[in-house]
Amino acid sequence: MSPTLPLHIELLPSGASSDTTLMGRIADLVNRVYAIAEDGQWLPGATRTSMEEITELTRACQIVVARTGGTLVGSIRVQLLAPEKGETGMLVADPDYRNMGIGRELRRFAVEMLRQRGAKTLQIELLVPRDWSQESKQFMAEWNERAEYRVIRKGAFEEQYPDLAPLLATPCDFIIYEKAI
């Protein structure tokens, strides 16, 4: 796809949570992207999210979407962890629309949104295999470093997310990054 297509980014209003078609499309996009990005990290059949989770996050006004020509091409979760600390997660761009800057623009929108809500720091987490290297995770780690995020903590995934740990196919760690915004 052409990188000149106009990109429309918006925070979904709470009421959008009743649009089951849209909630399903967002969940499908997240799961499709993460199935590739985290291949080998999860047991077969495990998914990153569900339509129910996306619905709840949308109801809480935490889902931002990117569209081009009316087509959903990306999304990101945005939330305040504390009055001055925000977090983003589940950043995805449709593989058919890569190299258009969708991820960069979603992150830019999220940062501005968090600044308007009083956040001074942005936190992001990256799940990585403990005993082997994964290209997509290496790409994201390098992207985070270029964007001047600093590692503030590393830990075992099972310590932070004990309920999800049984779904892992391989031991994983999480890396928490922060950046002043």
Side-chain angles (χ1 to χ4, degrees), residues 7-38 41-42 46-68 71-95 97-98 100-128 136-137 139-141 143-144 147 149 152-153 155 157 160-161 163-164 167 172 174-181:
L7 194 60
H8 175 72
I9 299 176
E10 68 173 330
L11 172 65
L12 290 179
S14 180
S17 63
S18 64
D19 183 342
T20 57
T21 301
L22 178 59
M23 298 299 99
R25 285 184 180 147
I26 296 168
D28 289 347
L29 177 60
V30 171
N31 288 329
R32 186 164 43 101
V33 170
Y34 275 87
I36 297 165
E38 294 183 340
Q41 289 182 239
W42 298 94
T47 57
R48 174 62 183 85
T49 192
S50 66
M51 189 170 95
E52 293 77 18
E53 181 182 27
I54 295 297
T55 299
E56 287 304 312
L57 296 174
T58 300
R59 192 172 291 126
C61 295
Q62 294 182 5
I63 298 293
V64 171
V65 296
R67 294 183 178 102
T68 187
T71 300
L72 177 69
V73 294
S75 70
I76 189 170
R77 178 186 184 188
V78 183
Q79 65 176 327
L80 278 175
L81 297 176
E84 295 188 351
K85 182 184 267 187
E87 181 181 60
T88 62
M90 287 196 289
L91 171 61
V92 295
D94 188 317
Y97 292 83
R98 288 275 163 83
M100 287 180 55
I102 294 167
R104 180 185 63 243
E105 292 305 315
L106 280 164
R107 182 69 55 81
R108 183 177 298 158
F109 183 96
V111 165
E112 185 54 36
M113 188 177 106
L114 289 166
R115 280 184 184 138
Q116 290 174 4
R117 293 180 178 181
K120 296 186 180 348
T121 305
L122 176 60
Q123 175 177 296
I124 56 177
E125 290 184 10
L126 184 63
L127 178 68
V128 297
S136 64
K137 297 301 181 166
F139 172 83
M140 284 307 303
W143 190 89
N144 291 340
Y149 286 87
I152 60 161
R153 188 162 55 106
F157 181 78
Q160 184 76 12
Y161 303 100
D163 54 324
L164 295 176
L167 299 175
C172 290
F174 65 91
I175 304 171
I176 298 178
Y177 296 87
E178 274 190 2
K179 177 180 177 175
I181 58 172

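One-based numbering along the sequence shown.
Within the 4.5 Å cutoff, the side chain of Thr71 has heavy atoms near those of the Tyr97 side chain. At least one side-chain heavy atom of Arg32 sits under 4.5 Å from a side-chain heavy atom of Asp94. The shortest distance between side-chain heavy atoms of Ser136 and Ile36 does not fall below 4.5 Å. The shortest side-chain heavy-atom distance between Lys179 and Val111 does not fall under the 4.5 Å cut-off. Side-chain contact check for Glu87 versus Glu125: some heavy-atom pair is nearer than 4.5 Å. By the 4.5 Å heavy-atom criterion applied to side chains, Ile176 and Gln160 are not counted as neighbours. By the 4.5 Å heavy-atom criterion applied to side chains, Met140 and Ile175 are not counted as neighbours. Under the 4.5 Å side-chain criterion, counting only non-hydrogen atoms from C-beta, Thr58 is not in contact with Asp19.
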Exercise for review: Run the numbers on Ile9 and Arg108 for side-chain contact (heavy atoms from CB on, under 4.5 Å), then give the verdict.
Suggested key: CA-CA 10 Å; Ile9 299 176; Arg108 183 177 298 158; over 6 Å; no

**Study point:** Test log, rule side-chain contact (heavy atoms from CB on, under 4.5 Å), inputs Leu29 and Leu72
**Key:** CA-CA 9 Å; Leu29 177 60; Leu72 177 69; 4.1 Å; yes

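Shown here is Arg25, whose CZ atom has no more than 12 heavy atoms of other residues, nucleotides or ligands within 6.0 Å.
Formation of a donor-acceptor pair under 3.5 Å by the Lys137 side chain with backbone atoms of Leu127 is found in this model. A donor-acceptor contact shorter than 3.5 Å is absent between the side chain of Asn31 and the backbone of Ser50.
Relative ring orientation between Tyr177 and Tyr149 is described as perpendicular, the plane-to-plane angle rising above 60° on a 0-90° scale split at 30° and 60°.
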